[in-house]
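Take a look at the structure below.
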2 protein chains.
Amino acid sequence: MPGFRKRFCGLRRHWLELYLLLLIAEKPSYGYELSTKLKDFGIMISGIGQMGNLYRILSQLEAEGFVKTDWDTQESGPARKIYIITDIGLLFLRDAMSSVIEMEKTTEKFVERYEKLNKKD
Amino acid sequence: MPGFRKRFCGLRRHWLELYLLLLIAEKPSYGYELSTKLKDFGIMISGIGQMGNLYRILSQLEAEGFVKTDWDTQESGPARKIYIITDIGLLFLRDAMSSVIEMEKTTEKFVERYEKLNKKD
DNA sequence: GTCATATATATGTATTTTGTATATATTATA
DNA sequence: TATAATATATACAAAATACATATATATGAC
C-alpha cells in the first residue's frame, strides 16, 4: 500500500479527516450534522469560522476521491450536501489506522510518564 | 488558569511541544538528545530538515519562557544547548494534561468504532 | 408580518506551521 | 585525511489554521 499523501506523523487536520471519514463510513452524512457528531469524540466545532474550515476539509476529501456527494433536497430547510464514503476512502481509513493506534500508545505513555514525574515531587 | 495561548484543540506541533516539555521536565537535555528520546514515544525525528524544525520549536519554547537554556561545553564534541524546564513550563504542562487525556479518550473511541464498523461487514 | 434563531453551505485572507533544503562547526574513527 | 556522527541553526515555499464574513431556507416567538 503506497503512502497516498506525505502526511501522517500524525495530526490535527489529518485527524479530523479520519474522524470525518469514519463517521461518513458509518453512515452518509452532511457537514452540519457531522459537526454535531464530532462531539461523540469530544471534538467541538464551535467558534468563529470553524464550520467554514470543516466544509473546506470535506471539499478536499471529495477532491481526493475519498468521498462522493449527493444533494438532499427532500428534507425541510436548506439543501444538504450528503457525503458518502468511497472504496478509496475506506482504503485510506484502513491504511491510517496504524497511525491512530500509534497515537493511542504514544498518548498513554505520555500520561503514564507525566504521572510518574509528579510522584517524584 | 488562563489559556496561555489560543491553541489546543490539540495537535501536531502542539503535541510535540508537550513531549519535549515532559522530557525536559524529567531531565534537562539538548536538541539532539531530545530527538532520540522522542523515540520512546514512537516519534521519529528523521527526514530532511526535521531537526531544523525541532530546534525552532525549542527556540520558541524558550522565547515563551517555558524553558531556559544553558550551554554545555564540558562534554566532547560540539557544544550542547541544554534546555531546563521553568515553573511556567511546568504550569503549562500541567494545564495541557487535560487536553492529552481528552485526546487519549478520543483516540480510544476512534479505534473502538472503527473495529465495530468492520465487524458489520 | 417581521424578527430572531436554528439550520445549512461556502469563500476570503492574514497568520502560523510545516516540509524541504541548506549552512556551519566539532570530534571520533577508519 | 576523508568520512561519519554529533550538534545547532536559518531560509523559504507550500500548506494549514484562525478568524471573518456572505448567503439562503425554514421555524417559532411576538
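For clarity, every value in this text was computed on a predicted model and none was experimentally measured.
- Spacing between atom CD of B:Gln60 and atom C1' of C:dT15 amounts to 13 Å, rounded to whole angstrom units.
- Between B:Leu54 atom CG and C:dT17 atom C1' the separation is 14 Å, expressed in whole Å.
- One can place CZ of A:Arg13 at 15 Å from C1' of C:dG19, the figure rounded to the nearest angstrom.
- The distance from atom CD1 of B:Ile82 to atom C1' of D:dA7 is 11 Å, rounded to the nearest whole Å.
- B:Ile57 has its CD1 atom 15 Å from the C1' atom of D:dT10, to the nearest Å.
- Atom CG in B:Leu61 sits roughly 11 Å away from atom P in C:dT17 (whole-Å rounding).
- The aromatic rings of B:Phe110 and B:Tyr114 sit parallel, their planes meeting at an angle under 30°, below the 60° perpendicular limit.
- Residues that satisfy the side chain to side chain contact (heavy atoms under 4.5 Å, CB included) test with A:Thr69, not counting sequence neighbours, are A:Glu62, A:Lys81, A:Tyr83.
- Applying the ring-ring contact (aromatic ring centres under 6.0 Å, His included) criterion to A:Tyr55, with sequence neighbours excluded, gives no partner residue.
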Table please: side-chain donor-acceptor pairs of residues 35-46 of chain B below 3.5 Å, with sequence neighbours left out.
unit_1: B:Ser35; atom_1: OG; unit_2: B:Tyr32; atom_2: O; d: 2.6
unit_1: B:Thr36; atom_1: OG1; unit_2: B:Glu33; atom_2: O; d: 2.5
unit_1: B:Asp40; atom_1: OD2; unit_2: A:Arg113; atom_2: NH1; d: 3.3

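- The side chain to side chain contact (heavy atoms under 4.5 Å, CB included) search around B:Glu75 returns B:Asp72, B:Arg80, not counting sequence neighbours.
- For A:Asn53, taking side-chain heavy atoms from C-beta onward, the closest of the listed nucleotides D:dA18, C:dG19, C:dT22 is D:dA18.
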Each nucleotide N or O in nucleotides 5-8 of chain C that has a protein N or O under 3.5 Å away: list the pair and distance.
unit_1: C:dT7; atom_1: OP2; unit_2: A:Tyr32; atom_2: OH; d: 2.6
unit_1: C:dT7; atom_1: O5'; unit_2: A:Tyr32; atom_2: OH; d: 3.3
unit_1: C:dA8; atom_1: OP1; unit_2: A:Arg80; atom_2: NE; d: 2.5
unit_1: C:dA8; atom_1: OP1; unit_2: A:Arg80; atom_2: NH2; d: 2.3
unit_1: C:dA8; atom_1: OP2; unit_2: A:Tyr30; atom_2: OH; d: 3.0

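- Heavy-atom distances to DNA chain D give each of B:Met51 and A:Arg56 a nearest nucleotide, and the one nearer the 5′ end belongs to B:Met51.
- Shown here are the ring-ring contact (aromatic ring centres under 6.0 Å, His included) partners of A:Tyr30, two or more places apart in sequence or in another chain: there are none.
- Across the protein-nucleic acid pair, B:Glu64 atom CD and C:dT17 atom C1' stand 13 Å apart, rounded to whole Å.
- Note: OH (A:Tyr83) to P (C:dT9) measures 7 Å, nearest angstrom.
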